[in-house]
Amino acid sequence: MSDKKPSFTFDAIMRDMKGGIFAPIYILMGDESYYIDQISNYIQTHVLSLDQQAFDQTVVFGADVNAAQVADMAMQFPMMSPRRVIIIKEAQGMRSFDRLEKYAEHPQPKTVLVFCYKNGTINQRTKFVTSVERVGVVFESKKMKEWQLPGYVQTFLAKRSVTIDEKSAHMIADHIGADLNRLNSELEKLIISIPEDDRRVTPEMVERNIGVSKDFNAFELRSALVNKDVFKANQIIKYFDSNPKTGSVYSLLPLIFNFFQNLMIAYYAPNRADQQSVSGYLGMRSVWGVKDYMTGMRNYTGKKTLEILEKIRETDSKSKGLDNPSTSAGDLMKELVFFILH
C-alpha cells in the first residue's frame, strides 16, 4: 500500500496553516503565481513573530543558492524561535533538486522549508518530489480555465457578503481573463464602491467601475452567437472595432474558440440530450452553465462546429499577418461572424 499523500488544495493548505499546522517542506509550483504567493506570504508572515524572523527566517532566490546550501540551512536548529523558516523564491532558478533527496527523506522537524517554483513544475516522478509528498506538501497551482472564472468571481464576492448576477460575473471574467492577481485587485476595488445598504453587483456597476460596456462585451457576443442573433453579433463586432480603447477586436477570438471547442466536446457526451450528462462531461459544476451548449447543439451541427473551429484558427493566423496583406481586424472578425451565423 502506498504512503503517498493525496494532492492538496489551496483551501486545505490555508485551513491547516490558519490552524497552526505547518509542514516541514512545501513545494509550491505551477503556472498560476497567485496561489503560490498567497501560501508563501502567509508562511513568511505567520510562522514566526517579527522579532523571531530576524534570527530564524531566511528568504533567498533560487538563482543565488544551490541544493547543498539549502540542505545545510534547513538542517540548522532555530536560534531564538520554535521553528526555522527558509523560503526559496523563484526556485525554478535553482539546479540539482536531486541533491535534496536525502534531506526530503528525513527533514529537520523544526524547519519549514518552502520552494516557490513558478511558470512550470518539477518532475513529479523524481525521488525528491515523491519524498516531499510523503512528509510535506506538494501543490500545483494551475491556471484557471475560462469557464471557471465566472464561478470564481461569484465565490470571491460571496465570501465578502456581496452577490452578483450571472451576466455581471461573465462580464468581469471575460474582460479581465485568468490573471488572478489582476482579477482579485479589480474585485477588491469593486467591493469598495458597493453601498452598504445594497450589496449587489449589477451590469451597470461593472460598466461604471471596471470599464466594460453592459451591452457590448464578450458575454453578449457569445450569447448572440449561441442564439444566432445576427444583428446583435455584428453590432458588438462593430462596437469593438470602432472603440479600440475597449480592447482589440481580436481579444474576442479566445472566447469564441473556447465556446465552440466545448460545443464539439458536448457532442460526444454519452447522453447529449440530458443537461446533467452534458454538464458532467464538460466538467461543469452547475447545470446553468451548460444551457448555452444545449442551445448551441440545437443551432449548430457537429459538422458546422468543426468548420467554425477551423475558420477561427484561420482568422487567428490572418490576425498575425499570415496570408493577409491588408484585411483589417474589423473586417476579419465580421467575416468570421458571418461564417459562423450562416
Can you spot which of E220, K167, R208 makes a side chain to side chain contact (heavy atoms under 4.5 Å, CB included) with P203?
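So the option named by the test is K167.
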ring-ring contact (aromatic ring centres under 6.0 Å, His included), paired with Y300, selected from F260, Y267, F339, Y293:
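Filter result, single survivor: F260.
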Is it true that Y103 and D72 share a donor-acceptor pair across their side chains at a distance under 3.5 Å?
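No, no side-chain donor-acceptor pair sits under 3.5 Å.
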So, are [X] and [Y] salt-bridged, with charged N and O less than 4.0 Å apart?
X: R222; Y: D292; value: yes
X: D11; Y: R15; value: no
X: K318; Y: E314; value: yes
X: E105; Y: K102; value: no
X: K118; Y: E32; value: no

In terms of hydrophobic clusters joined by side-chain contacts under 4.5 Å, are [X] and [Y] together?
X: Y239; Y: F231; value: no
X: L100; Y: M75; value: yes
X: V337; Y: L306; value: yes

Let me check something: any side-chain donor-acceptor pairs from residues 57-64 under 3.5 Å, sequence neighbours excluded? List them with distances.
residue, atom, partner, partner atom, Å
Q57, NE2, Q44, O, 3.1

For [X] and [Y], indicate whether the former's side chain and the latter's backbone hold a donor-acceptor pair under 3.5 Å.
X: D316; Y: I312; value: no
X: Q148; Y: K145; value: yes
X: T45; Y: N41; value: yes
X: T130; Y: T126; value: yes
X: S96; Y: R99; value: no
X: S81; Y: P78; value: no
X: S223; Y: F219; value: no

Determine whether F128 and F97 satisfy the following criterion, ring pair (Phe, Tyr, Trp, His ring centres under 6.0 Å), listing intermediate values before the conclusion.
CA-CA 7 Å; F128 169 60; F97 280 92; 5.7 Å; yes
Validation row: [X], [Y] side chains within 4.5 angstrom (heavy atoms):
X: D241; Y: M333; result: no
X: N299; Y: L225; result: no
X: E133; Y: F8; result: no

Pairs involving residues 332-342, ordered by first then second residue, that meet side chain to side chain donor-acceptor pair (under 3.5 Å) (sequence neighbours left out)
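Applying side chain to side chain donor-acceptor pair (under 3.5 Å) to every pair that reaches into residues 332-342, excluding sequence neighbours, yields K311-E335.
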Dump the intermediate steps for side-chain hydrogen bond (donor to acceptor under 3.5 Å, both in side chains) on N184 and Y152, then the final yes or no.
CA-CA 10 Å; N184 291 340; Y152 176 86; 2.8 Å; yes
Return the orientation label for the F139 and Y35 ring planes: parallel under 30°, perpendicular over 60°, tilted otherwise.
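Perpendicular: the ring planes of F139 and Y35 meet at over 60°.
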What's the spacing between T315 OG1 and F257 CZ if we round to 0.5 Å?
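If we round to the nearest 0.5 Å, T315:OG1 and F257:CZ are 11.5 Å apart.
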